[in-house]
Every structure is written in structure tokens, then in C-alpha cells.
Engineer: 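To start, I am sharing the structure in question, which I have written as C-alpha cells.
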Amino acid sequence: MSPLNPWKLSGYKAGQNVVCKVVKDEPGGYAVIIPKDNLPGFLPTQALLRTGEEILAQFVCVHNHRILLSARFSNNVSKLPAQQNQTRWEEHLNEIDAEPNVSEDFVSPASFEQQSQTITPQQQMAAQEAAAAQAASQQQPTQGQGNVIVPPSTRPDDGMYKNYNSSSVKTLPAEPLPSPIPPPPPAPAQGQPRSGGLNGAMPYAANSPPRPEVVPNRLISIPSNQAIQLEAEAEAEAAFGVWASTPRKFHLKRATDLILPPIDKDSLNEFKIVDYDLEWLITDLEGGMRTGCVKAACESKLSRSAMLLYRGRAVGCIYGCKSMPDTQPTEQSLANMLADLEVPDTDVKIYDLPENVTLAMSALFLGYPVQRNDDYDARAYMDYICGWFESKGNTACLAITLPSNSATCLGYVYKGQFCGAFYVEDQQFRTDKEFVYELLRNDPRANVEASILPPEMTSSAVRFGFSLSMAKKRVDGR
């Protein structure tokens, strides 16, 4: 293993289009390399790709000995003809970045080359100038991205996995910096009493020391370490925006039942939102960095919703309404739930949950699923995939369906270790794996599926989860 060259990484930012070449498939995606700089990475996708094929992806972040990418396009590319790739994608990335409306299909190199032949000389010159400007702006190395050790890719299975279409990618804007503090009012004339206090009712002595002089139009310089920190925070926010994609849909009649009830009954707090307000609630959740769940029931809208929180940010949300029977993605569900939380008759429940269980549960919403193509029974597959999680230290959620009684059980794995199971039908949480094994023994047709949360999502490279305050601003602005 050799460290990644930090100068090669300096030109990569979250959301940037990159070309990657498929090396081999792994559970949930593919090991890839970025041919331009020969950098190894991982592309979670369920699309069918061929070894050696070049596709377009988006850079997310670098962490834990690998580059995480997100699929730019989605479709079953197995329909594309197998042929040699003659197009140099790197020469066209700036043209692609400049196009706001790109088809959500994998683009074959041959079809892209045919399209690029219709570009006028003026367009080619403009693209070359844009590429030169971008290269000039990316000469300085990015802070904190060097000295990353990348191990060789491993093959954890024998080819039993295939993949299917991935979800579309939605990019969220980075949170704005706080507004500058307004300057204090001008000091009164010498000898004039100074007023202050609540509503200006409490006078101060006339000989009180004046306020510091305010220098107009003063340039405020941000220390370099603070500027670097602000840039890193913005990049971490952007990285999550690139990663966040449409989650899997749930087909239960009351999908909010999928989120675990309170384990610690003492943490449960119930109230009507009319007795407080949404601003207070968001401040409490974000400021307190709460990890747990918020459930809401709005009688006037006949809706139920549940929000999963990790350190004050939404890492999963389910919204169900009589007028909206289809399950919505997490971001849209969050917007609908926040709108309901401004309706006076909405009942609210808040409670804490353990961080390990919460992160494992979030894999259902913000992780990537692994499609099976094997002949294992449910017990054998569970042992296999849990062993693989343990060897990799993965955090994941197992979705176990039991056709005999139409029941569902969720199994939680945190950093490779089984940490509990939730039987949805009786809303019971158990910590012993033997309970799950008994369910599998009693139903020969049981099925087990897995969703994996990338370790990058909980690292400093990504600000994991949706901001509640930013989501509320979007709701207020629509």
C-alpha cells in the first residue's frame, strides 16, 4: 500500500464530475479507479456494469483509505453494446458540467463521442478556455486530503451479486454563514444621560464610559485557520448533498411503525405543537444535538410522520397521508412533516435512541442496498452477510420479511457487530440474535436484504443528515 498523492487530490471537490473505470464488483457496488490520476475508489450502484467500462460519476469525499463516488447516471447499462472505449472523457467534463439538464441514463462512450462531434469550433474554444481556467484555480492542494493509505481491492464473495438501477442524486445547498452582527447605536453627546435595559427604561449614569468607536467600512479579515475550517464545513455539507439520494420505498400501511419506539421510556416527551412552536422545536433538536426520533400526528390532515435524528440532523423521515398514499423520499417527507408541525392540532412525541441503533437504522434511508443473486436460504445468507460486515466493520440494516404472517423484522449492525432487532408487528426491540434465528426457522420462505451505510457518512469528511433549519427555510420559501 502506498499513500495517495495529495497533489492529485487537490483538484477534486464534492459534486465534481469524474470518469471512473470499473475494476470489479463488490456487494452494493464496484471497486473502481479514476484513470486520470490512477486513484482507487468505490462506486455504490445497483446498475449492471462491465469490468473495464468507463462511466461518469460524482466525487463525494476521501476517507478511510478510499475515494467515495456517487453514480451520476442511472439505467441498466447491460443493454449497451460491448466495444472499445476510444473517447477521452476527461476532455469533455467541463462541457458536461456546463449542461444543467442531463439525461438520467448511463452514457456510453460511443454515444457521447457521436454527440461531441456536433460541437461548433466556438463551443470547443469556450470549453478549452473554461478547462484552462478551472485548472488554474485548482493548483493549490486541498487542506487535509493527503497521506491517505489505500489498500488493494478485495473480493469478498464469489460473484453471487448483481446490481440494479440506482436512485437519482439530489444536491443540497450548503448552509449560509450567519448574518453579520449589526453595529451598536452611536454614543450620546457628553453629559447626556444614557438609556438602556429592557425597552430603554433603565438610564445609566451620564459619566458612563462611551461605547467603543465604530470604524465605518472596516475590512474584517478571517484568520487562515478559521477560513480553512469554514471551507471544510462547507465541503462536508456539499459532500452529503451529493451523496443523498432517493431512498428505498416502504410498502407497509403504517410505514412510521418502521422506526423504533423509545427504549428508555423516561426520555419520552409528548405535547401539542400549539403549546410551543416549530422554531423552538428545531432549536431544541439542533442545539441539543439530539439523537432519537420525532413522531407527529396531524388530525386535520390525517397524516402520520416520523423523523430519525442523529446529532440534531435528520437521517431518515417517513410521511404518510390519506391524500398522499405513495411513499416520498426522505427530503420530501421531511418538508411535509415540518409543514404539519406548524398546524396547531399536531401531536408530537420526542424520545432518545442509542447512536449505534440510530446509525444502523439510517442505512434504510441513506445507505445503499445490496441485491442478492444467490441460492442461500435466509439463515445461511444472514450468517454470510453478517460475517462480511464484521470483517469490514460495516454499519448496516437487515430487512427481514416473513411471508407466512406478512411480518417484518429489522436487524441492526453497527461497525460489524449485531446490536439488536426490531420486530415491527409487536413493536418490540430485542438484543439477542437468537430471536432472529428463531423467526427464520419458523418461516422457510423468509427473505433477508441488507442496506449498508458508508463509513464516510459518519466521518469528518461529511456532515451527515439533513439540516432541519435549512429544510424549514425551504418550506417557508415555497
Engineer: Identify the two heavy atoms, one from L353 and one from C293, that lie closest to each other, and give their separation to 0.1 Å.
Structural biologist: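 Reported closest heavy-atom pair: CD1-CB, 4.3 Å.
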
Engineer: The criterion is ring-ring contact (aromatic ring centres under 6.0 Å, His included); which residues satisfy it with F389, sequence neighbours excluded?
Structural biologist: none

Engineer: Quick check: do V462 and L68 have side-chain heavy atoms less than 4.5 Å from each other?
Structural biologist: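 Counting from C-beta outward, V462 and L68 never come under 4.5 Å.
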
Engineer: Could you measure the distance from the NZ atom of K21 to the CG atom of N38? Nearest 0.5 Å is fine.
Structural biologist: 9.5 Å

Engineer: For a quick test of reading the model, state the closest non-hydrogen atom pair linking C397 to A363 and the distance between them.
Structural biologist: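 The pair with the smallest heavy-atom distance is N-CB, 3.9 Å.
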
Engineer: Just do the side-chain contact (heavy atoms from CB on, under 4.5 Å) check on S404 and N442 with the steps written out, would you?
Structural biologist: CA-CA 9 Å; S404 62; N442 293 337; over 6 Å; no

Engineer: For D264, give me all partners under salt bridge (Lys or Arg N to Asp or Glu O under 4.0 Å), at least two apart in sequence or on another chain.
Structural biologist: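 D264 satisfies salt bridge (Lys or Arg N to Asp or Glu O under 4.0 Å) with no residue once adjacent residues are dropped.
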
Engineer: Heavy atoms only: give me the nearest I273-L341 pair and the separation to one decimal.
Structural biologist: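 Looking at all heavy atoms of both residues, the closest pair is CG1-O, 3.0 Å.
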
Engineer: Using the test salt bridge (Lys or Arg N to Asp or Glu O under 4.0 Å), find all partners of E233 that sit at least two apart in sequence or belong to another chain.
Structural biologist: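 Per chain and number, E233 pairs via salt bridge (Lys or Arg N to Asp or Glu O under 4.0 Å) with no residue.
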
Engineer: Check the surroundings of atom NZ in K301: do more than 12 heavy atoms from other residues, nucleotides or ligands lie under 6.0 Å from it?
Structural biologist: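 Counting neighbours around NZ of K301, more than 12 heavy atoms of other residues, nucleotides or ligands fall under 6.0 Å, so yes.
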
Engineer: Could you report the tightest heavy-atom contact between Q58 and G15, atom names first, then the distance?
Structural biologist: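 Answer, listing the atom of Q58 first, then G15: NE2-O, 3.4 Å.
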
Engineer: Checking D37 against Y12: is there a side-chain donor and acceptor pair closer than 3.5 Å?
Structural biologist: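 A donor-acceptor contact under 3.5 Å links the two side chains.
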
Engineer: Surrounding NZ of K433 (heavy atoms of other residues, nucleotides or ligands, distance under 6.0 Å), is the total greater than 12?
Structural biologist: yes

Engineer: I need the full list of ring-ring contact (aromatic ring centres under 6.0 Å, His included) pairs touching residues 310-354, with sequence neighbours left out, sorted by first then second residue.
Structural biologist: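 Checked against ring-ring contact (aromatic ring centres under 6.0 Å, His included) - neighbours excluded - no pair reaches residues 310-354.
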
Engineer: Who are the side-chain hydrogen bond (donor to acceptor under 3.5 Å, both in side chains) partners of K272, not counting sequence neighbours?
Structural biologist: D347

Engineer: Which label fits W243 and Y368: parallel for a plane angle under 30°, tilted from 30 to 60°, or perpendicular past 60°?
Structural biologist: perpendicular

Engineer: Checking R379 against Y437: charged group under 6.0 Å from the ring centre and within 45 degrees of the axis?
Structural biologist: yes

Engineer: Who pairs with D375 by side-chain hydrogen bond (donor to acceptor under 3.5 Å, both in side chains), at least two apart in sequence or on another chain?
Structural biologist: none

Engineer: Kindly say whether the aromatic ring centers of F466 and F365 come within a distance under 6.0 Å.
Structural biologist: no

Engineer: Using the test salt bridge (Lys or Arg N to Asp or Glu O under 4.0 Å), find all partners of R290 that sit at least two apart in sequence or belong to another chain.
Structural biologist: D284, D352

Engineer: Could I get the full list of side-chain hydrogen bond (donor to acceptor under 3.5 Å, both in side chains) partners for E434, not counting sequence neighbours?
Structural biologist: R441

Engineer: Is there side-chain contact between L69 and V32, with heavy atoms separated by less than 4.5 Å?
Structural biologist: yes

Engineer: Is the shortest side-chain heavy-atom distance between D345 and V274 below 4.5 Å?
Structural biologist: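 SC-SC contact between D345 and V274 ruled out.
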
Engineer: Taking the side chain as every heavy atom from C-beta outward, state whether K392 and E26 have any atom pair closer than 4.5 Å.
Structural biologist: no

Engineer: Working to the nearest 0.5 Å, report the span between CG of N405 and OG1 of T408.
Structural biologist: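 If I round to the nearest 0.5 Å, the distance is 9.0 Å.
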
Engineer: Taking side-chain hydrogen bond (donor to acceptor under 3.5 Å, both in side chains) as the definition, give me every residue that meets it alongside S303, ordered by chain and number, with sequence neighbours left out.
Structural biologist: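 By the side-chain hydrogen bond (donor to acceptor under 3.5 Å, both in side chains) rule, S303 matches D340.
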
Engineer: Check whether any side-chain heavy atom of N336 sits under 4.5 Å from a side-chain heavy atom of S305, and report yes or no.
Structural biologist: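 Not in contact.
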
Engineer: Do any N or O atoms from the side chain of E286 and from the backbone of S469 form a donor-acceptor pair under 3.5 angstrom?
Structural biologist: yes

Engineer: What residues form a salt bridge (Lys or Arg N to Asp or Glu O under 4.0 Å) with D275, not counting sequence neighbours?
Structural biologist: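 Residues passing salt bridge (Lys or Arg N to Asp or Glu O under 4.0 Å) with D275: none at all.
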
Engineer: Test your reading of the model: is there a side-chain donor-acceptor pair from R372 to the backbone of Y376, 3.5 Å cut-off?
Structural biologist: yes

Engineer: Please tell me if the side chains of R430 and C409 come closer than 4.5 Å, counting only heavy atoms from C-beta onward.
Structural biologist: no

Engineer: Mind jotting down which residue pairs meet the ring-ring contact (aromatic ring centres under 6.0 Å, His included) criterion with at least one end in residues 280-306? Sequence neighbours excluded, please.
Structural biologist: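 Matches after skipping sequence neighbours: F271-W280, Y276-W280.
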
Engineer: Okay, side chain of N394, backbone of A396: is any donor-acceptor separation there less than 3.5 Å?
Structural biologist: no

Engineer: Without swapping roles, check the side chain of E235 against the backbone of K13 for a donor-acceptor pair under 3.5 Å.
Structural biologist: no

Engineer: Short question: side chain of T431, backbone of G420 - any donor-acceptor pair under 3.5 Å?
Structural biologist: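 Not at all, since once roles are kept as given, no pair shorter than 3.5 Å links the two residues.
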
Engineer: Can you tell whether the side chains of R304 and E299 come within less than 4.0 Å, N to carboxylate O?
Structural biologist: yes

Engineer: State, with a plain yes or no, whether a side-chain heavy atom of C419 is found less than 4.5 Å away from one of V357.
Structural biologist: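 A side-chain contact exists here, since the closest heavy-atom pair is under 4.5 Å.
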
Engineer: What pairs of residues pass the salt bridge (Lys or Arg N to Asp or Glu O under 4.0 Å) test when at least one of them lies in residues 353-370, not counting sequence neighbours?
Structural biologist: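 Residue pairs with at least one partner in residues 353-370: R311-E355.
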
Engineer: Just so I know, are the side chains of D432 and E438 near enough to count as touching, which here means a heavy-atom distance under 4.5 Å?
Structural biologist: no

